[in-house]
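Below you'll find the structure, written out as structure tokens, and then a few comments.
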Amino acid sequence: MGDQMYYQGHRCELCLSKNQQIQAKDEVIRAKDAVIAAKDDAIAQLDLAVKQLKLQLRMATSSSEEKDALTIYIRNVTENMTQEMLLEAFSVFGHIRVLNVVHSKACAFAEFATPEAYQMALSASMVRVGNGQETVMTEMRVRRPHQQPQQQQPFSRKSSFNNIRAVSKDLKVDEGCDVSTNYNC
């Protein structure tokens, strides 16, 4: 009869104990399955969120590229030129969404609302500002790629000679002395 022994119509305590263990294990398995299902749902939600963020990033990048496509670079901006003066001068080409004046670099950036306004401003190449006394130049905006910091090069003998030559030009050295070959002059 194995593990299942009956004693006066009832199961033995050993059988009852094993059944309770099996039921407890089944409950643990159901709980683990519920946790796995919850994790799967969370992963699915995260995957969806990642896809949405990637889409938003793509859209933001493309709108940034579109803005650059309608933005001109204005050079020769003087300290005397106000934002209002530049707006007045460039509004003749069309509606300007954004005008950013950078006096410290003597330039400005104008983002136009339409490609036609952008093209007209760009083709003007020279625009009179204020009472027509000053002129600025227009160019297509070109973004510079971000530069990576240069890594320090390992020490080399050749570079040390170049450094000595560079330093020797700044120092007063006797005319007959060649610092790169004779260090005792």
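All of these numbers come straight from a predicted model, not from anything done at the bench. Only this structure's heavy atoms are used, side chains among them; waters, hydrogens and symmetry mates stay out.
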Query - Pairwise distance OH(Tyr118) to OG1(Thr71) - rounded to 0.5 angstrom - result: 8.0 Å
Query - From CA spacing to verdict: side chain to side chain contact (heavy atoms under 4.5 Å, CB included), Asn76, Thr135 - result: CA-CA 8 Å; Asn76 297 343; Thr135 305; over 6 Å; no
Query - Side chain to side chain, Met81 and Val136, heavy atoms closer than 4.5 Å - result: yes
**Report entry** Arg97 versus Ala113, closest heavy-atom pair with distance
**Finding:** NH2-O, 3.2 Å
**Report entry** Side-chain heavy atoms of Met140 within contact of Leu122, under 4.5 Å
**Finding:** yes
Query raised in the report: For the atom pair CG (Asn19) and CG (Asp26), what is the distance rounded to the nearest 0.5 Å?
Result: 10.5 Å
Requested in this report: Quick one: pull up CD1 in Ile36 and CD1 in Ile29 and give me the separation to the nearest 0.5 Å.
Outcome: 10.5 Å
Report task. Output all residues satisfying side chain to side chain donor-acceptor pair (under 3.5 Å) with Glu134, sequence neighbours left out; order by chain, then residue number. Result -> Thr78
Query raised in the report: For Ser91, what residues pass the side chain to side chain donor-acceptor pair (under 3.5 Å) criterion, not counting sequence neighbours?
Result: none
Report task. Can you measure from CD1 (Ile74) to CG (Asn100) and round to the nearest 0.5 angstrom? Result -> 10.0 Å
Query raised in the report: Gln119: what forms a side-chain contact (heavy atoms from CB on, under 4.5 Å) with it, not counting sequence neighbours?
Result: none
Query - Cluster link Val92 to Leu87, ILVMFWY, side chain under 4.5 Å - result: yes
Query raised in the report: For the residue pair Leu86 and Ala108, what are the closest heavy atoms and their distance?
Result: CD1-CB, 4.3 Å
Query - Value rounded to 0.5 Å, distance of CZ in Arg30 from CG in Asp33 - result: 9.5 Å
Query raised in the report: Below 4.5 Å, heavy atoms only, C-beta onward: do Val77 and Val101 meet side chain to side chain?
Result: yes
**Report entry** Hphob cluster co-occupancy, Leu99 + Met137, side-chain heavy atoms under 4.5 angstrom
**Finding:** no
Query raised in the report: In terms of heavy-atom contacts, does CD of Glu88 have more than 12 from other residues, nucleotides or ligands at under 6.0 Å?
Result: no
Report task. Report, as yes or no, whether the 6.0 Å neighbourhood of atom CG on Asn131 holds more than 12 heavy atoms from other residues, nucleotides or ligands. Result -> no
Report task. Could you grab the distance from atom CE of Met120 to atom CZ of Phe112, nearest 0.5 Å is fine? Result -> 8.5 Å
Query raised in the report: Tyr73 vs Phe109 aromatic rings, parallel, tilted or perpendicular, using cut-offs 30° and 60°?
Result: tilted
